[in-house]
There are 2 protein chains.
Amino acid sequence: MSNDWLNMVKWTDEGLVPAIAQDAQDGTILMVAWMNREALDMTAREGRAVYWSRSRRKLWRKGEESGHEQLVSEIRLDCDNDVVMLRVQQRGGIACHTGRRSCFFQRLEDGRWVTVEPVLKDPDAIYSKHPD
Amino acid sequence: MSNDWLNMVKWTDEGLVPAIAQDAQDGTILMVAWMNREALDMTAREGRAVYWSRSRRKLWRKGEESGHEQLVSEIRLDCDNDVVMLRVQQRGGIACHTGRRSCFFQRLEDGRWVTVEPVLKDPDAIYSKHPD
C-alpha cells in the first residue's frame with residue numbers, strides 16, 4: 001500500500017510527531033506521547049498504540065510491560081498535519097505510569113497544581129522494568 | 001501570588017509548552033497550540049485561552065479575529081509537566097481556522113486521510129486578517 005499518508009505528516013526535525021490518546025468511549029484525554037514514522041505505521045497496521053520513547057530511544061509498544069495496551073479504533077490528523085490523535089480502548093483502565101487513569105491528573109486551583117485523580121494501582125505492582 | 005505553578009511547567013528550549021483544548025461539555029478535542037509563560041499566565045488570570053503564535057511570534061488571544069473565544073473552565077498539566085490541557089467552552093462552536101469545529105478532521109481510512117468533519121462557516125467570512 002502507498003505510504004503517501006505517512007508522507008503527509010509534518011514530522012519534527014527529529015522525525016517525530018506528538019500523539020494524543022483519547023478514550024474512545026467517554027472522551028477522556030489519557031496521555032500524550034511521541035511517534036516516529038515506524039511507530040505510526042505499526043499503530044495503523046496493528047491497531048495497537050506504538051510510540052517512540054525519546055528517553056530510551058526505541059519503539060515502545062504501549063502496555064508491553066504493564067499490560068495496559070491501547071486498542072486503536074481511530075487515527076486522526078490535525079489541520080496542520082503536525083499532531084496525531086488516537087481514539088483508544090485503554091486496557092486495564094490505566095494509561096499513566098503513575099497508576100492513574102489519565103496523565104492529566106494535575107489541576108490548577110488557586111495558583112497551584114493539585115492532584116485530582118486517584119492512583120488506581122501501585123506502579124511497583126504494574127512495572128517490573130521500565131514504566132510505559 | 002506565587003509563580004511556582006508556572007515554574008513547575010517544563011518549557012521547551014524555546015520557552016513553550018503544547019496546550020490541548022478540549023470541549024468541556026462533550027470531550028471533543030478541538031485543537032493543539034503553543035503557549036509561552038505569559039500566554040499560560042494570562043489564560044489562567046483571564047479565563048480565556050491565550051496562545052503563542054510561532055509563525056507570527058506574538059501572543060494570540062484565541063478569537064481576537066474570529067470571535068471564536070475559548071472560555072476556560074479548567075487547566076490541567078500532565079505527569080511529565082510538559083503538556084497542558086484546557087477544558088473550554090468554544091464560542092461559535094468553531095475552533096479550527098478552516099471553519100470546522102475541531103482541527104482533527106482528517107481520519108485515516110484504508111491508508112489515506114479522509115476529511116470527515118464539515119465546514120460550518122467559510123473561513124473568508126470568519127477572518128478579516130490572520131486566521132486564529
Pairwise distance CG(Asp80(A)) to OG(Ser55(B)) - rounded to 0.5 angstrom: 9.0 Å
Interatomic distance, Phe104(A) atom CZ to Ile75(B) atom CD1 [nearest 0.5 angstrom]: 13.0 Å
Joint cluster assignment, Val88(A) & Phe105(A), ILVMFWY side-chain distance < 4.5 Å: no
Contacting moiety of Met8(B), where chain A heavy atoms sit under 4.5 Å: side chain
Test item: Met31(B) and Val83(A) side chains (from C-beta on) under 4.5 Å apart, heavy atoms: no
Residue Val114(A) versus chain B: region with a heavy atom under 4.5 Å: neither
Smallest separation among heavy atoms of Trp5(B) and Trp113(A), with atom names: O-NE1, 2.9 Å
Backbone N/O of Arg76(B) and side chain of Arg107(A): donor-acceptor pair under 3.5 Å: no
Residue selection (most heavy-atom pairs with chain B, distance under 4.5 Å) from Leu108(A), Thr98(A), Leu77(A): Leu77(A)
Val9(B) portion near chain A, given a 4.5 angstrom heavy-atom threshold: side chain
Asp82(A) portion near chain B, given a 4.5 angstrom heavy-atom threshold: side chain
Val17(B)-Val32(A) co-clustered via ILVMFWY side chain contacts under 4.5 Å: no
Enclosure of Glu109(B) CD (heavy-atom neighbours >12, cutoff 6.0 Å): yes
Glu46(A) atom CD: more than 12 heavy-atom contacts under 6.0 Å: yes
Common cluster, Trp52(B)/Met42(B), ILVMFWY with side-chain heavy-atom separation under 4.5 Å: yes
Within-4.5 Å side-chain heavy-atom neighbours: Ile29(B) and Gln22(A): yes
Intermediate values then yes/no, side-chain contact (heavy atoms from CB on, under 4.5 Å), Ile20(A) and Ile20(B): CA-CA 9 Å; Ile20(A) 307 169; Ile20(B) 306 168; 3.9 Å; yes
Nearest heavy atoms of Gln106(A) and Asp78(B), plus distance in Å: NE2-O, 2.8 Å
In one Ile/Leu/Val/Met/Phe/Trp/Tyr side-chain cluster, 4.5 Å: Trp11(A), Tyr51(A): yes
same_hphob_cluster(Met85(A), Ile94(B)) at 4.5 Å side-chain heavy-atom cutoff: no
